[in-house]
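Proteins get letters first, then strands, A, B, ... in listed order; numbering begins at 1 in each. Side-chain atoms are counted along with the backbone in the values below, which use heavy atoms only and exclude waters and symmetry mates.
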Protein chains: 2
Amino acid sequence: MKPKIKDVAKQAGVSTTTVSRVLNGEKYVKDDLKAKVQRVIDELGYSPSHIARSLVRQKTNLIGIIVPDLTSSFYATILSSVEQTASQAGYFLLVCDIHEDTGKELKYLNIFKEMRVEGIVIMHEKLDDEIRAFLDKLDIPVIFSSVRPADQKFMSVIIDDYSAAYDATCYLIGLGHERIAFIGGDMRDVTSGQSRYAGYRKALEDNNIPIEDDYIRFGDYKPQSGYERMKELLASRVRPTAVFAVSDDMAAGAMNCINDHLLSVPDDISVIGFDGSQLTELVRPRLSSMEQPIEEMGKVTVLSLIDFMTQQQTGFKKDLILKHRLVVRDSCRPVVKQQET
Amino acid sequence: MKPKIKDVAKQAGVSTTTVSRVLNGEKYVKDDLKAKVQRVIDELGYSPSHIARSLVRQKTNLIGIIVPDLTSSFYATILSSVEQTASQAGYFLLVCDIHEDTGKELKYLNIFKEMRVEGIVIMHEKLDDEIRAFLDKLDIPVIFSSVRPADQKFMSVIIDDYSAAYDATCYLIGLGHERIAFIGGDMRDVTSGQSRYAGYRKALEDNNIPIEDDYIRFGDYKPQSGYERMKELLASRVRPTAVFAVSDDMAAGAMNCINDHLLSVPDDISVIGFDGSQLTELVRPRLSSMEQPIEEMGKVTVLSLIDFMTQQQTGFKKDLILKHRLVVRDSCRPVVKQQET
DNA sequence: CTGAAAGCGCTAACAG
DNA sequence: CTGTTAGCGCTTTCAG
């Protein structure tokens, strides 16, 4: 089998303690001994067992992460940034892609616990009671990234989704639009569902634009749903002149739908997305979007989590609000006031 | 601190052995004892330490995976499928995103070894000598996914990239195209670089179409490079009538470039991509592409790896070749023979 | 059916 | 500077 520290010790004619010391780069080992031990280690191809170490050191250097859907570039990009930051800090990532399966989430949370991960990041917020209960009595630091569950108990790294949606809508209003349709997300999501919807409504209200229920639809953040909701929107008695979709994927779907109906973006209808994904530069016209600082979000998530893990300060937990930013590209244009009442 | 098996045993008035037995669902425990132990476990919120278990059982249930770039939807999608399959089989994933950093790869390979992962999947093939040497003397099963390093020593799950590229090119030829440009990948990649390039050349040769060096460019699989290589291609003395890009991302970039030059896809230039990513349905016109069975690839990768891990049959290692498939969408059209010599 | 005892591979006092 | 001695938390013979 694999060589163990004992084998190295015997082979080098020293005690396991000494081997352990050179392994961990401690001083107080004579240079010649150190060299000899190192040579034996290389010869044997010895590699210390992280497992045994974890057991005695009570430290695994593991972080567990729960992603809703790796197939989505938004989550994949955060994950990438999270991995980057974690590995730089000497932590390793145990990844679980739940694919909307709550059962799998609970199972993994349990596994994370058994694995003695030192921290957990969660990227979705549809917490059912069972999971909430589990999290409540869990003594491992948990941080939410890009979402914020209703409970105040957890730390979150997010943008101000309400303001971001408000700002996006105001941008459209500033361009002269009044018939502004909204393609929202899942209303069970407080962050990306409810908050963005509320921001949209508030913007209209503040500008004295009546809210037209017919212009409001909800999708699942994916392109296909954007396409289909847009199709419904196009069937409205009076067509909207602008659409705000709360994900770039849905916005892209909506754009395609508009095109397939022989209408033009932005000449006939302006479209604005949300997220600031790579897609914005790939579609034509390029998609204006309310950008989330995705990379930074991943980075801040891990850094805060590690902070939380090491400081042991179970009290003080605060949300971290990152800044959103409107990136104007080519998919929106001032409304042509043709049919002013 | 966290309760341990000893605490449960004491609390329930039994030995740790008994607790261990109910933990592992063994029979030979009286029902009343089993019930009592279970109750104590719940009360204490006891969760067995996977670490300690791994140490004694010599089994970690861990699989390490090395991804070149999670930001790419191709890899993210495979990863998703890999995770799905692994978790169903009771394995957990330790993920490393190397971001083209060979140093990080070696570091992670070492960590995987220390972690005693039971298997490793690698999704890129730029193996430098150091990594190759490391892999050679590693006694953990390794499988490559979507790529195949030059060495015969490793198992790979791939498509036949040569034939796929050949077929894609023949499709264009079948449409009457003769001025077919090629936007390749990294020629250091044997699978997606060299093989696809060779397939392209062979298809032209077999059809007696002279190979025009001016029509051959190489990018890095990303949209931007597709855009830029296309720009060069458009500057050719005689414009190509079709372009074969070896990634959908580059194909999409090329399409945008063509559009930005006020030319039309497919009226002026046909474009075919490679991979079969979600992007193909998102761009307009929808992109015809040589599709890789991405989901299946992830699944087969894990299943074969586990097979390899458990069978311990170090001999028989064979590549698994999955089938590619041309998916025709709207980005190609028969050439208009206007300037026949 | 149940428990005592011996490790899994390593580190951490504590002596020398 | 170096080695001895206990464990880390669990499973697993081997008796009873």
Side-chain angles (χ1 to χ4, degrees), chain A residues 1-38 40-41 44-62 110-118 139-140, chain B residues 1-38 40-41 44-62 110-118 139-140:
Chain A
M1 281 311 289
K2 276 203 167 89
K4 7 178 131 188
I5 199 171
K6 218 173 164 185
D7 301 322
V8 177
K10 200 171 298 175
Q11 189 74 212
V14 296
S15 74
T16 62
T17 311
T18 301
V19 178
S20 172
R21 284 203 254 260
V22 344
L23 242 32
N24 296 291
E26 287 173 35
K27 28 197 174 179
Y28 303 132
V29 185
K30 249 193 203 151
D31 283 354
D32 58 331
L33 257 198
K34 188 186 291 186
K36 180 192 278 183
V37 170
Q38 190 57 56
V40 176
I41 287 176
L44 265 46
Y46 168 75
S47 160
S49 160
H50 183 88
I51 315 253
R53 274 183 168 168
S54 296
L55 188 58
V56 48
R57 295 216 267 235
Q58 301 287 56
K59 182 154 188 1
T60 59
N61 282 58
L62 249 31
N110 264 302
I111 286 163
F112 285 169
K113 191 177 173 192
E114 295 188 356
M115 289 269 199
R116 304 296 190 252
V117 302
E118 298 179 37
D139 53 350
I140 299 173
Chain B
M1 282 311 288
K2 277 203 166 85
K4 11 179 128 185
I5 199 172
K6 217 172 167 184
D7 301 322
V8 177
K10 200 170 297 176
Q11 188 75 210
V14 296
S15 75
T16 61
T17 311
T18 301
V19 178
S20 171
R21 285 205 252 261
V22 345
L23 241 32
N24 296 291
E26 287 174 34
K27 30 195 174 183
Y28 303 132
V29 185
K30 251 193 203 153
D31 283 353
D32 58 329
L33 256 197
K34 189 188 290 187
K36 179 192 278 181
V37 169
Q38 190 56 58
V40 175
I41 287 176
L44 265 46
Y46 169 75
S47 161
S49 159
H50 183 88
I51 315 254
R53 275 184 165 169
S54 297
L55 188 58
V56 48
R57 296 217 268 236
Q58 300 286 59
K59 185 158 186 0
T60 58
N61 283 57
L62 248 31
N110 265 303
I111 286 161
F112 285 169
K113 190 176 173 192
E114 295 187 357
M115 290 270 199
R116 302 298 189 249
V117 302
E118 298 180 36
D139 53 351
I140 300 173

Atom pair distance, as rounded to whole Å: CG in B:Leu55 and C1' in D:dG7: 12 Å

A:Gly45 versus B:Lys113, closest heavy-atom pair with distance: O-NZ, 3.3 Å

Nearest listed nucleotide, side chain of B:Ile5, among C:dC8, C:dC10, D:dT11: D:dT11

Closest listed nucleotide, where the reference is the side chain of A:Lys30 and the choices are D:dT2, C:dC1, C:dC8: D:dT2

Base of D:dG3 paired with side chain of A:Arg21 (donor-acceptor, under 3.5 Å): yes

Note, A:Asn61 side chain near A:Glu118 side chain (heavy atom, < 4.5 Å): yes

Sugar-phosphate, base or nothing in reach of B:Ile51, heavy atoms under 4.0 Å: nothing

From B:Thr18, B:Thr17, B:Thr16, residue fulfilling side chain to side chain contact (heavy atoms under 4.5 Å, CB included) relative to B:Ile5: B:Thr16

Given DNA chain C, 5'-ward residue of the pair B:Asp32 and A:Asn24, judged by closest heavy atom: B:Asp32

Nearest-Å distance for atom pair CZ/P, residues A:Arg53 and D:dG7: 22 Å

Earlier contact from the 5' end, DNA chain C, for B:Arg116 and B:Ser15: B:Ser15

Rounded interatomic separation in angstrom, taking CG from A:Asp7 and P from C:dC8: 11 Å

Pairwise side-chain contact, B:Leu62 with B:Phe112, heavy-atom cut-off 4.5 Å (strictly under): no

Touch class at under 4.0 angstrom, heavy-atom based, for A:Val14 against every strand present: sugar-phosphate

Atom-to-atom span, CD of A:Gln58 to P of D:dG7 - whole angstrom: 14 Å

Value in whole Å for how far the C1' atom of C:dT11 lies from NE2 of A:His50: 14 Å

Neighbour count above 12 (heavy atom, 6.0 Å) for A:Lys30 NZ: no

Donor-acceptor pair under 3.5 Å, B:Thr17 side chain vs C:dA4 base: yes

Spacing of B:Lys4 atom NZ relative to D:dG9 atom P, expressed in whole Å: 3 Å

Given D:dC10, C:dT2, D:dT11, the nucleotide with the shortest approach to the side chain of B:Thr16: D:dT11

Sugar-phosphate, base or nothing in reach of A:Thr18, heavy atoms under 4.0 Å: sugar-phosphate

